[in-house]
Protein chains: 2
Amino acid sequence: MTVFQQQGYEGATLAKLAAASGLGKASLYHHFPGGKDEIARVLMRKAIADLQRLAFSRLKGSGSARDRLAALLDGFCDYVDQGRGHCLLAVLAQGGARPYYGSEIAAQFQDWLQMVTAVFEEKGEKPKRAKRSANHFVEQLYGILLMSKILDQPGHFQQATKRLRKTL
Amino acid sequence: MTVFQQQGYEGATLAKLAAASGLGKASLYHHFPGGKDEIARVLMRKAIADLQRLAFSRLKGSGSARDRLAALLDGFCDYVDQGRGHCLLAVLAQGGARPYYGSEIAAQFQDWLQMVTAVFEEKGEKPKRAKRSANHFVEQLYGILLMSKILDQPGHFQQATKRLRKTL
DNA sequence: GTCTATATTAAGATAGAC
DNA sequence: GTCTATCTTAATATAGAC
């Protein structure tokens with residue numbers, strides 16, 4: 001997972017994957033006969049499951065709408081290791097592998113956006129505005145993550161997510 | 001430029017660069033003796049110059065602070081071809097090539113953030129708050145761009161930037 | 001300046017021993 | 001289930017003709 005997150009699909013060579021896993025290349029093919037493509041696909045589904053479990057599932061908790069959005073934000077921070085890590089879904093959706101994995105990722109984000117939209121409606125916003133708020137919220141999560149990578153300043157992610165938390 | 005934007009550093013092979021440029025591989029080495037690394041570096045500096053010229057330089061215009069921020073936003077939309085293209089700087093800052101190009105990119109974004117901060121101070125915001133506003137603004141630009149890639153819906157970029165324009 | 005041809009290395013992938 | 005060894009292809013890079 002780390003290799004794909006940091007190096008992207010093309011940069012994640014079997015040699016690096018073998019080294020990172022502690023196995024030989026042939027052993028990787030024993031577990032993943034489909035090779036690199038299968039490894040990436042399994043990791044993509046794991047990333048979806050992780051992000052669902054750590055972040056978006058927390059919208060279904062008890063608590064107020066505001067608290068559940070805050071819980072989602074906290075879960076996202078955990079998922080990306082407080083800005084030190086990446087999101088594999090964002091990585092795969094941007095690079096040359098997008099044609100192979102993009103549609104499944106897009107469909108998942110559409111689901112998640114609907115979940116967030118429902119929470120903003122709960123807060124009293126009308127459907128159209130709730131949808132805009134949901135888009136804005138998720139865009140902020142990924143905007144903060146991306147700018148933290150670009151600026152490469154420890155603390156930027158924490159400051160920006162703290163700022164976002166206040167606006168909820 | 002397009003090949004690097006779409007395929008990332010590792011995915012941008014010399015064969016693809018040759019095909020896209022209409023030259024043979026050997027001709028690319030005539031113009032760029034340093035090979036792929038030199039091509040990427042030249043393109044990175046061109047991307048900085050383009051983004052400066054199309055977007056951030058417009059903060060220095062006449063007009064109100066609000067109008068100049070809107071001009072920056074419009075310039076950014078042009079730079080990324082209304083969401084259809086990528087930003088090479090974001091691509092290089094995220095992938096495996098980050099150790100080689102990241103510091104120059106980070107320094108440039110620090111400069112740009114300072115320029116945006118100054119405009120928010122002009123709008124009457126105190127230094128601390130102006131810095132937060134500037135961070136938030138640039139994060140939104142890149143958050144919108146990234147989410148447009150993830151969702152892959154024509155129109156999402158336009159809708160989101162229109163929404164952002166209203167909040168200025 | 002551009003090309004063909006080629007050298008060299010690394011990548012993805014498989015065979016078969018243990 | 002893991003390994004060494006190997007195959008095939010593709011990648012970076014260069015030589016040298018035109």
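Everything quoted here is computed from the prediction, not taken from an experiment. Reckoned from all heavy atoms, side chains included, excluding hydrogens, waters and symmetry mates. Every chain is numbered from 1, with letters handed out A, B, ... down the list of sequences.
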Discussion item. Suppose we screen for side chain to side chain donor-acceptor pair (under 3.5 Å). Which residues come up paired with Q82(A), at least two apart in sequence or across chains?
Written reply: D78(A)

Discussion item. Return the NZ to OG1 distance between K36(B) and T13(B), rounded to the nearest 0.5 Å.
Written reply: 7.0 Å

Response to the item:
Taking every heavy atom of L72(A) against every heavy atom of A55(A), the minimum-distance pair comes out as CD1-CB, 3.4 Å

Practice prompt. Measure the acute angle between the ring planes of F109(B) and W112(B), then classify it against the limits of 30° and 60° as parallel, tilted or perpendicular.
Written response: perpendicular

Throw together a table of side-chain donor-acceptor distances under 3.5 angstrom for residues 56-65 of chain B, partners on residues two or more places apart or in other chains.
from: S57(B); atom 1: OG; to: Q52(B); atom 2: O; distance (Å): 3.2
from: S57(B); atom 1: OG; to: R53(B); atom 2: O; distance (Å): 2.8
from: R58(B); atom 1: NH1; to: A71(B); atom 2: O; distance (Å): 3.4
from: S64(B); atom 1: OG; to: D67(B); atom 2: N; distance (Å): 3.1
from: S64(B); atom 1: OG; to: D67(B); atom 2: OD2; distance (Å): 3.4

Discussion item. For F4(B) and Y9(B), take the angle between the two ring planes, folded into 0 to 90°, and tell me which bin it lands in: parallel under 30, tilted 30 to 60, perpendicular over 60.
Written reply: tilted

Worksheet entry | All ring pair (Phe, Tyr, Trp, His ring centres under 6.0 Å) counterparts of F157(A), not counting sequence neighbours | none

Item to complete: Quick one: list whatever passes salt bridge (charged side-chain N to carboxylate O under 4.0 Å, His left out) with K25(B), sequence neighbours left out.
Response: none

Worksheet entry | chain B footprint on DNA chain C, 5' to 3' - any atom under 4.0 Å from a heavy atom | dG1(C) to dT4(C)

Worksheet item: Please give, in whole Å, the distance from dA10(D) P to L14(A) CG?
Response: 15 Å

Fill in: For DNA chain D, the residues among residues 22-34 of chain A that have a non-hydrogen atom under 4.0 Å from it
L23(A), G24(A), A26(A), S27(A), H30(A), H31(A)

